[in-house]
Amino acid sequence: MNTIPKRLDSVYLAIQNCQIDHGVTQSVQLLAVSKTKPAEDIESAYKAGQRQFGENYVQEGVDKIQALKHLSDIQWHFIGPLQSNKSRLVAEHFDWVQSVDREKIARRLSEQRPAGLPALNVLIQINISHEASKSGLDEQELLVLAEKIAELPNLTLRGLMTIGSNTDDDALRQQEFLRMHALFERLKTKYDSVDTLSMGMSGDWQQAIACGATMIRLGTAIFGQR
Ligand SMILES: *Cc1c(COP(=O)(O)O)cnc(C)c1O
């Protein structure tokens with residue numbers, strides 16, 4: 001029995017209800033995080049109307065992109081840590097990269113983006129919790145990196161991504177999400193292309209929407225436990 005379409009329907013509904021409950025005005029996109037799940041699961045979600053998918057591992061993601069080429073209107077987001085020796089595959093196959101956190105990676109992605117494809121959409125990943133185990137840029141360094149990215153010909157700066165603290169302390173996470181929202185608003189005043197604040201996962205997405213997220217990234221809630 002396939003439960004993915006049912007789970008997706010209830011997620012879409014829950015997002016709408018959350019927007020109403022919190023009186024938020026921004027529209028919210030759903031990124032379906034399909035890491036470790038087979039291409040058939042993505043196809044089930046696609047048939048239920050989902051178009052944006054997120055992958056964390058380069059080779060696994062590229063294999064699924066190739067297996068699902070016939071679903072040509074999928075937008076593929078790379079959301080995992082990115083090493084420079086893997087950047088070419090990402091530049092060649094994905095539509096978005098949400099985990100850009102240094103100039104070297106940005107430069108390589110722009111240089112390696114094939115001519116004839118639209119610019120690669122990028123989000124700058126911020127390490128808002130300052131946890132040593134997390135990748136992402138320190139917020140102090142945001143504007144410098146944003147300026148570099150805005151100059152690169154084959155990238156479009158679309159906004160910011162973060163992973164909130166893994167904590168039971170809602171107040172702490174709220175502080176982090178609100179700081180992200182303030183950074184996002186500031187970036188929007190500088191760059192017309194900026195429209196995306198990606199934050200919130202299966203455990204904290206309602207709070208992220210209440211704090212201004214325009215994109216939430218859900219894996220478990222759609223595809224089940226990994
Ligand atoms: C795995 C992952 C998600 C989804 O996590 P769930 O808890 O399964 O919803 C979201 N964002 C990133 C960056 C991830 O690596």
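Every number for a ligand or one of its atoms is a count from 1 in the order of the listing.
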Exercise for review: Using a strict cut-off of less than 4.0 Å between a Lys/Arg side-chain nitrogen and an Asp/Glu carboxylate oxygen, indicate whether Lys35 and Glu55 qualify as a salt bridge.
Suggested key: no
Review point. Quick one: do Arg108 and Glu111 make a salt bridge, cutoff under 4.0 Å?
Key: no
I'd like a table of donor-acceptor pairs (distance under 3.5 Å, sequence neighbours excluded) in which one partner is a side-chain atom from residues 206-219, with atom names and distances.
| unit_1 | atom_1 | unit_2 | atom_2 | d |
| --- | --- | --- | --- | --- |
| Gln207 | OE1 | Arg173 | NH1 | 2.6 |
| Gln207 | NE2 | Asp170 | O | 2.7 |
| Thr214 | OG1 | Leu197 | N | 2.9 |
| Arg217 | NH1 | Thr162 | O | 3.2 |
| Arg217 | NH1 | Ser198 | O | 3.0 |
| Arg217 | NH1 | Ser198 | OG | 3.0 |
| Arg217 | NH2 | Thr162 | O | 3.0 |

Exercise for review: May I ask you to check whether Tyr46 and Asp73 show a side-chain donor-acceptor distance below 3.5 Å?
Suggested key: yes
Review point. Within 45° of the ring axis of Phe223 and under 6.0 Å from its six-membered ring centre, is that where the NZ or CZ of Arg7 lies?
Key: no
Review point. Does one side chain, of Ser165 or Glu176, offer a donor that lies under 3.5 Å from an acceptor on the other?
Key: yes
Any protein N/O atoms within less than 3.5 Å of an N/O atom in ligand 1? List the atom names and distances, or say none.
| unit_1 | atom_1 | unit_2 | atom_2 | d |
| --- | --- | --- | --- | --- |
| ligand 1 | 8 (O) | Thr220 | N | 2.8 |
| ligand 1 | 8 (O) | Thr220 | OG1 | 2.6 |
| ligand 1 | 8 (O) | Arg226 | NH1 | 2.8 |
| ligand 1 | 8 (O) | Arg226 | NH2 | 3.2 |
| ligand 1 | 9 (O) | Ser202 | N | 3.1 |
| ligand 1 | 9 (O) | Ser202 | OG | 2.6 |
| ligand 1 | 9 (O) | Gly219 | N | 2.9 |
| ligand 1 | 11 (N) | Arg217 | NE | 2.8 |
| ligand 1 | 15 (O) | Lys35 | NZ | 2.7 |
| ligand 1 | 15 (O) | Asn56 | ND2 | 2.7 |

